[in-house]
Amino acid sequence: MLGTLSKMRTQLDEQNEVQYKLPVGDETIDLNPLIGKTLTLTHTGNIFCCSCGKKTKKSYSQGHCYVCMSKLASCDLCIMKPETCHFDKGTCREPDWAQSHCFVPHYVYLSNTSGIKVGITRYTQIPTRWIDQGATQGLPIFKVSTRQLSGLVEVELAKLINDKTNWQAMLKGNAEDVDLVEIANQLFPVIEERLQEIKQENPDFVIERLDNSIQGIKFPITEFPKKVKSHNFDKTPEVTGILQGIKGQYLIFDTGVINIRKFGSYEVDVAV
């Protein structure tokens with residue numbers, strides 16, 4: 001099968017195990033049945049922008065050419081740091097896009113990846129966001145009106161707990177389960193004063209504290225790597241080995257791991 005890669009599509013089954021599909025061009029491959037088999041991905045050397053479709057020598061912002069990366073709102077710095085939103089200054093790259101992506105409900109959540117972390121996501125991306133991070137547990141703790149507001153809340157929580165995943169530790173095994181509800185209850189009083197200030201600064205928007213249950217997530221893995229060696233299409237065009245598992249957006253081979261999301265828009269030939 002030949003085509004450009006996109007990030008893996010995911011869905012939880014009734015046992016809360018992630019079912020993975022790998023998009024290759026216009027087709028998809030069911031990956032879970034391939035665990036235990038030899039899988040080979042060969043990069044042809046071609047990269048096609050996921051936005052405009054033009055051939056590009058280098059991929060920017062997970063699959064864009066330089067021109068699209070420079071002009072699209074989805075590639076702006078404020079997507080990574082939503083608290084820096086500059087919409088009200090009239091400098092948003094795509095105001096219409098912002099209305100449909102940034103001025104919609106967002107969740108602030110706790111998850112358990114390589115340990116406890118805080119994060120944010122659009123209301124449509126739970127549990128997808130947790131799966132993509134390799135989280136074995138997730139818990140929404142606030143629902144807010146805008147992306148910028150979620151970023152402001154996250155900044156306060158990040159002063160108390162981590163806001164990043166140690167991806168190598170995440171791939172070496174599952175962190176022990178923790179009581180995310182209890183942790184959230186310990187965090188709320190600490191940030192309450194700052195939350196009230198944020199509400200006063202943004203009177204037209206809402207910060208809603210949630211009372212949800214913890215979502216457990218299982219990943220299809222037969223063996224975790226003892227040492228994490230990363231495959232890189234830019235250095236070695238062929239990635240091959242026995243597929244031992246999948247976690248987050250990583251394929252875990254007996255020869256190393258590869259981050260599929262990192263190589264979005266790369267044209268590859270896939271063989272089983």
Side-chain angles (χ1 to χ4, degrees), residues 7 10 51 61-62 64 68-113 116-133 135 137-165 178-215 217 261:
K7 88 179 191 76
T10 60
S51 180
S61 296
Q62 299 173 348
H64 295 81
C68 288
M69 182 273 294
S70 301
K71 71 179 184 181
L72 294 176
S74 58
C75 298
D76 204 350
L77 177 64
C78 53
I79 294 300
M80 297 301 295
K81 295 185 176 182
E83 67 276 10
T84 64
C85 173
H86 46 95
F87 185 92
D88 59 347
K89 297 178 181 177
T91 55
C92 181
R93 294 178 178 181
E94 297 176 277
D96 290 341
W97 184 92
Q99 289 289 352
S100 60
H101 286 76
C102 302
F103 289 89
V104 295
H106 277 66
Y107 287 110
V108 181
Y109 64 81
L110 299 180
S111 63
N112 188 5
T113 55
I116 305 164
K117 73 175 291 292
V118 61
I120 64 170
T121 191
R122 270 183 297 150
Y123 70 104
T124 57
Q125 294 301 301
I126 286 180
T128 302
R129 179 62 174 159
W130 299 333
I131 294 171
D132 287 349
Q133 291 180 335
Q137 295 176 289
L139 176 71
I141 58 175
F142 290 107
K143 185 178 181 180
V144 303
S145 302
T146 70
R147 186 172 183 84
Q148 183 183 33
L149 206 56
S150 69
L152 293 171
V153 176
E154 182 188 32
V155 165
E156 295 308 309
L157 287 166
K159 296 174 183 177
L160 306 171
I161 57 175
N162 204 349
D163 63 347
K164 292 181 175 58
T165 296
V178 293
D179 189 342
L180 295 177
V181 173
E182 177 58 29
I183 293 169
N185 289 335
Q186 294 173 10
L187 293 170
F188 289 144
V190 182
I191 66 168
E192 181 60 31
E193 182 177 346
R194 177 56 183 147
L195 283 183
Q196 293 304 320
E197 292 176 355
I198 294 174
K199 290 178 181 179
Q200 292 173 6
E201 294 164 359
N202 301 271
D204 295 332
F205 300 123
V206 175
I207 300 176
E208 176 189 355
R209 178 173 166 179
L210 302 176
D211 184 20
N212 288 25
S213 300
I214 300 170
Q215 171 69 62
I217 299 171
R261 192 166 194 173

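Source: prediction; values computed, not measured.
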To the nearest 0.5 Å, atom OH of Tyr107 lies from atom CG of Leu139 at 11.5 Å
Closest non-hydrogen atoms of Ser150 and Ile120, given as atom of the first, atom of the second and distance, are OG-CD1, 3.3 Å
Steps toward side-chain contact (heavy atoms from CB on, under 4.5 Å) verdict (Val153, His106): CA-CA 11 Å; Val153 176; His106 277 66; over 6 Å; no
Between the CD atom in Glu182 and the CD1 atom in Ile214, the distance rounded to the nearest 0.5 Å is 10.0 Å
In this structure, CD1 of Ile116 is separated from CG of Asp163 (nearest 0.5 Å) by 13.5 Å
Scanning both residues in full, the closest heavy-atom pair of Val206 with Ser145 reads N-OG, 2.8 Å
Legend entry - Steps toward side-chain contact (heavy atoms from CB on, under 4.5 Å) verdict (Arg93, Lys71): CA-CA 6 Å; Arg93 294 178 178 181; Lys71 71 179 184 181; 5.7 Å; no
Problem set entry | Within-4.5 Å side-chain heavy-atom neighbours: Arg209 and Leu195 | no
Glu201 with Arg194: basic N within carboxylate O range, under 4.0 Å: yes
Looking only at heavy atoms, the pair that brings Ile191 and Leu157 closest together is CD1-CD2, 3.7 Å
ask   = More than 12 foreign heavy atoms under 6.0 Å from OH of Tyr123: is that the case here?
value = no
### Message
Does any part of the side chain of Leu110, heavy atoms only, come nearer than 4.5 Å to the side chain of Val118, both counted from C-beta?
### Response
yes
What one should report as the nearest heavy-atom pair of Gln215 and Trp130 is CB-CZ3, 3.6 Å
Ser51 and Leu72 have their tightest heavy-atom pair at OG-CD1, 3.6 Å
For Lys143 and Pro105 the tightest heavy-atom approach is CE-CB, 3.8 Å
ask   = Where does the angle between the aromatic ring planes of Phe205 and Phe103 fall among parallel (under 30°), tilted (30 to 60°) and perpendicular (over 60°)?
value = tilted
- Query: Going by heavy atoms in the side chains, are Thr121 and Gln133 under 4.5 Å from each other?
  - Reply: no
**Report entry** CG/Asp211: more than 12 non-hydrogen atoms of other groups inside 6.0 Å
**Finding:** no
task: Taking atom types as modelled, find out whether Gln196 and Gln200 have a side-chain donor-acceptor pair closer than 3.5 angstrom.
output: no
Under the criterion side-chain contact (heavy atoms from CB on, under 4.5 Å), I'd like the reasoning laid out for Cys85 against Arg147: C-alpha separation, chi angles, the key distance, then a yes or no. CA-CA 8 Å; Cys85 173; Arg147 186 172 183 84; over 6 Å; no
Greater than 12 external heavy atoms within 6.0 Å of Lys81's NZ: no
Checklist entry - Can you tell if the side chain of Arg129 reaches within under 4.5 Å of the side chain of Tyr109, non-hydrogen atoms only? => result yes
The reported gap from CD1 in Ile183 to CD1 in Ile141 (rounded to nearest 0.5 angstrom) is 10.5 Å
Does any N or O in the side chain of Gln137 come within less than 3.5 Å of the main-chain N or O of Asn112, such that one atom is a donor and the other an acceptor?
no
One should read off an interatomic distance between Ile217 CD1 and Thr113 OG1, to the nearest 0.5 angstrom, of 11.0 Å
One should read off an interatomic distance between Lys199 NZ and Asp204 CG, to the nearest 0.5 angstrom, of 14.5 Å
So, does His101 use its side chain to make a donor-acceptor pair with the main chain of Gln99 at under 3.5 Å? no
Practice prompt. Might you work through the side-chain contact (heavy atoms from CB on, under 4.5 Å) test for Val144 and Thr146, ending with a clear yes or no?
Written response: CA-CA 6 Å; Val144 303; Thr146 70; 5.7 Å; no
